[in-house]
Number of protein chains: 2
Amino acid sequence: MERAGIRDVAAAAGVSITTVSDALNGKGRLPDETRSKVREVAERLGYRPSAAARTLRTGRSGLIGLTVTTYGQEPFTFTEFAYFAEMARAATSAALTRGYALVVLPATSRHDVWGNVALDGTVVIDPPDHDPMVAELYRQGLPVVSDGRPGNCPVTAWVDNDHASAVLEILDHLAAAGARRIGLLTGTSTDTYTRLSTDAYLGWCHRVGQEPLYEEYPAHDPCAGAVAADRLLARPDRPDAVYGLFDPNGTDLLAAARRYGLRVPEDLLLVCCSESDVYATTEPPITTLSLKPQRIGTTVVNLLIDAIEGIGPVPGTDTPEGQLMPTELIVRRSSQRRPPRTTVSAPREPGEE
Amino acid sequence: MERAGIRDVAAAAGVSITTVSDALNGKGRLPDETRSKVREVAERLGYRPSAAARTLRTGRSGLIGLTVTTYGQEPFTFTEFAYFAEMARAATSAALTRGYALVVLPATSRHDVWGNVALDGTVVIDPPDHDPMVAELYRQGLPVVSDGRPGNCPVTAWVDNDHASAVLEILDHLAAAGARRIGLLTGTSTDTYTRLSTDAYLGWCHRVGQEPLYEEYPAHDPCAGAVAADRLLARPDRPDAVYGLFDPNGTDLLAAARRYGLRVPEDLLLVCCSESDVYATTEPPITTLSLKPQRIGTTVVNLLIDAIEGIGPVPGTDTPEGQLMPTELIVRRSSQRRPPRTTVSAPREPGEE
DNA sequence: GTTTGTTGAAGATACGTTTCTCCATGAGCA
DNA sequence: TGCTCATGGAGAAACGTATCTTCAACAAAC
């Protein structure tokens with residue numbers, strides 16, 4: 001019992017291969033009668049067109065690559081930060097909506113798999129300067145859209161948050177809440193996010209005349225984060241407010257504060273960049289900056305598909321279209337000196353029964 | 001500047017197409033001299049074999065589908081639970097290691113995308129009873145491996161945790177810590193995980209003579225979880241220990257306990273099933289059951305690839321090979337009446353400077 | 001001197017579509 | 001009767017690879 005091909009359908013319906021193809025794809029000039037007849041026969045035979053053959057013929061696979069930066073030898077720590085997971089999910093969803101599927105691939109160009117899968121285009125997350133892989137993809141004529149400003153490689157388009165503005169907003173927010181010495185928990189890596197955020201912090205410090213107080217650690221190592229948080233609060237010139245650039249920083253800082261007997265927010269104001277909603281229920285709830293990865297993932301994929309399908313900016317225009325997306329500061333108790341009256345009341349009072 | 005095909009390489013190297021193919025794939029009988037010559041020319045022309053053509057010819061795409069159950073209209077809430085994210089990551093990684101790529105697809109069989117991508121096999125997460133999609137895949141002759149016991153559909157193999165044993169272990173653990181009335185926070189859905197776990201709980205209650213105390217809610221709705229947690233602790237016959245089946249239950253229960261003035265673990269013992277490490281740093285840290293999604297993802301993919309490549313059990317053997325994977329109970333303070341002396345000391349004492 | 005075997009490589013076919021080109025047929029019109 | 005036009009559909013050429021078969025050349029063995 002072989003899989004039915006288009007030939008079998010044609011034979012069974014008593015028409016030509018062309019007619020079957022046209023009928024099924026809604027092309028050509030055919031009377032409705034023939035169309036439905038062919039469709040019925042195809043259905044009866046359980047005919048499924050071969051994706052491989054169609055791809056070979058049309059040059060379109062309907063597949064989009066999603067490249068994830070790898071830390072160390074582990075291919076993907078992209079679950080480490082909720083940002084990646086959320087972004088990937090939104091990207092997958094957006095792709096499916098437009099009839100494409102997403103393939104997650106490692107950022108190391110020399111993996112066998114890259115040659116074995118036919119891609120229509122690729123989404124690259126935070127490519128480093130002069131990324132050889134992006135260059136190679138571009139040379140092959142494949143559209144490439146990056147999440148994060150491309151270091152110095154030719155991409156079709158890019159999307160990013162306005163990290164500098166976001167940091168400034170947070171620092172102002174903390175200062176308004178009474179912070180005098182704001183510290184920063186940052187990373188040692190040289191990706192765009194870390195660099196832009198740190199630079200914005202340093203610039204702000206310079207402008208308001210505060211001495212920078214920061215600790216950096218390799219962001220991919222969760223243990224190092226806890227140690228760095230501890231180091232920051234153990235300094236002789238201990239900050240009275242801290243912004244942590246990475247997702248787990250909130251809990252790490254909270255734990256460190258607890259160890260040192262610091263009350264949040266009375267003794268220490270806390271903000272961290274995170275997509276996780278656990279910070280809504282910590283004690284106290286922690287103010288977070290959301291980068292809105294869903295929006296970014298969706299936008300990136302749609303830009304890419306536009307490029308694939310020839311919609312959007314003219315290819316001749318060599319200046320890649322960049323797009324800045326807004327962030328969202330979710331203010332909770334950890335960054336407010338006067339905690340607002342809690343508005344969420346328990347469904348029932350314990351003694352009410 | 002067209003993309004170079006195998007023909008161009010053959011012409012440039014002065015050999016036939018066959019020779020190029022053989023040289024590049026390490027087949028045929030060719031002297032090393034010819035081999036390296038051809039390889040060099042191919043490299044110079046930037047030749048990349050067409051994945052589509054190869055797939056059409058060989059019938060192998062090197063692509064594996066990963067099907068995720070969808071709640072409501074949103075295609076993927078699989079980031080909701082860290083389990084799915086971790087599992088998907090491990091699966092992706094395992095696939096890449098063996099030269100395959102992973103495509104995430106929705107579990108609704110009638111999505112266009114299913115027909116447009118050539119799959120060598122599929123991993124299905126927790127398929128419901130009589131899943132039509134699995135049946136269809138199986139009919140097409142594609143290997144299908146499921147994460148979770150297959151309800152009643154033909155799969156090549158499956159992998160699952162021993163949920164019943166895990167629940168019993170937890171209940172015994174709680175009872176040993178002094179719990180007299182153990183409650184359960186469970187789901188309304190009928191998937192295998194929920195069913196097996198709840199049944200195990202009910203069976204245990206029956207055996208030890210405790211009246212079941214449980215609340216159920218639609219697991220895909222995070223708000224409902226908080227409400228259900230509250231409901232459970234507001235009961236007149238309030239439990240003195242609770243096991244929550246889903247990832248966010250820990251924080252929800254903790255918040256609810258706080259509202260009712262219940263101290264953990266003194267007044268309430270807490271355990272939940274989660275892969276998230278935030279529970280290591282909550283106050284108090286919460287005991288969790290890890291399903292080890294990494295191990296499951298890896299195993300599932302390897303079983304699938306074995307089936308694709310003809311390794312493993314004979315296809316004639318109709319009884320699908322099932323495999324039970326161990327879980328891991330990570331005991332923390334929330335489930336111990338006598339909190340152990342904390343062994344993790346701060347790097348420096350605050351006053352030490 | 002014929003057979004046998006081995007090495008190196010070319011020819012040709014098939015994989016299953018899509019699509020371009022072209023051909024009947026019959027109707028409308030002068 | 002001829003001509004144009006629209007309609008419905010068939011033929012055949014790709015798409016780029018892998019592989020089965022064939023073949024020449026030459027050496028070794030009988």
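What you see below is based on every heavy atom in this structure, not just the backbone, and it leaves out hydrogens, waters and symmetry mates. Letters A, B, ... are given to chains in the order of the sequence lines, protein chains preceding strands, and every chain is numbered from 1.
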Whether the A:Asp147 and A:Tyr83 side chains hold a donor-acceptor pair (N or O, under 3.5 Å, no angle test) is what I'd like checked.
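A pair is found: one side chain offers a donor N or O, the other an acceptor, under 3.5 Å apart.
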With no hydrogens and no angle check, do the side chains of A:Ser21 and A:Thr18 hold a donor and an acceptor under 3.5 Å apart?
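Absent: no donor and acceptor within the cut-off.
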Nearest-Å distance for atom pair [atom1]/[atom2], residues [X] and [N]:
| X | N | atom1 | atom2 | result |
| --- | --- | --- | --- | --- |
| A:Glu33 | D:dG9 | CD | C1' | 14 Å |
| B:Arg29 | D:dC23 | CZ | C1' | 11 Å |
| B:Asp22 | D:dC20 | CG | C1' | 11 Å |

Nucleotide range of DNA chain C contacted by chain B, 5' to 3', under 4.0 Å to a heavy atom?
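Answer, 5' to 3': C:dT7 to C:dG16.
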Contacts under 3.5 Å, N or O only, protein and nucleotides 13-18 of chain D:
from   : atom 1 : to      : atom 2 : distance (Å)
D:dA14 : N3     : A:Arg57 : NH1    : 3.3
D:dT17 : OP1    : B:Tyr47 : OH     : 2.7
D:dT17 : OP1    : B:Ser50 : N      : 3.2
D:dT17 : OP2    : B:Ile6  : N      : 2.5
D:dT17 : O5'    : B:Tyr47 : OH     : 3.4
D:dA18 : OP1    : B:Asn25 : ND2    : 3.4
D:dA18 : OP1    : B:Arg54 : NE     : 2.9
D:dA18 : OP1    : B:Arg54 : NH2    : 3.1
D:dA18 : OP2    : B:Ser21 : OG     : 3.1
D:dA18 : OP2    : B:Asn25 : ND2    : 3.3
D:dA18 : N3     : B:Arg57 : NH1    : 2.2

Ion pair check, B:Glu309 and B:Arg98, cut-off under 4.0 Å:
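Salt bridge: yes.
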For the pair B:Arg139 and B:Glu136, find out whether any cationic side-chain nitrogen is under 4.0 Å from an anionic carboxylate oxygen.
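B:Glu136 and B:Arg139: salt-bridged.
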Minimum heavy-atom separation for A:Val103 to B:Ala101, with atom names?
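What the structure gives for the nearest pair is CG1-CB, 3.6 Å.
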Supply the atom-to-atom distance A:Tyr100 OH to A:Leu119 CG, rounded to the nearest 0.5 angstrom.
12.0 Å
OG1 of B:Thr298 to CE of B:Met325: how many Å apart, nearest 0.5 Å?
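Interatomic distance, B:Thr298 OG1 to B:Met325 CE, rounded to 0.5 Å: 8.0 Å.
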Estimate the overall bend of the helix from C:dG1-D:dC30 to C:dA30-D:dT1 from the end axes over five pairs each, rounded to 10 degrees.
60°
How about A:Phe84 and A:Ile125: do any of their side-chain heavy atoms sit closer than 4.5 Å?
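They are in side-chain contact.
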Matching residue for B:Arg149 among B:Asp126, B:Asp160, B:Thr192 - test: side-chain hydrogen bond (donor to acceptor under 3.5 Å, both in side chains):
B:Asp160
Heavy atoms only, 4.0 Å cut-off, all strands: where does B:Thr55 land among base, sugar-phosphate and nothing?
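It contacts nothing in the nucleic acid.
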Is the backbone N or O of A:Ala88 less than 3.5 Å from a side-chain atom of A:Thr92, with the two atoms forming a donor-acceptor pair by type?
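Yes, A:Thr92 side chain to A:Ala88 backbone: donor-acceptor pair under 3.5 Å.
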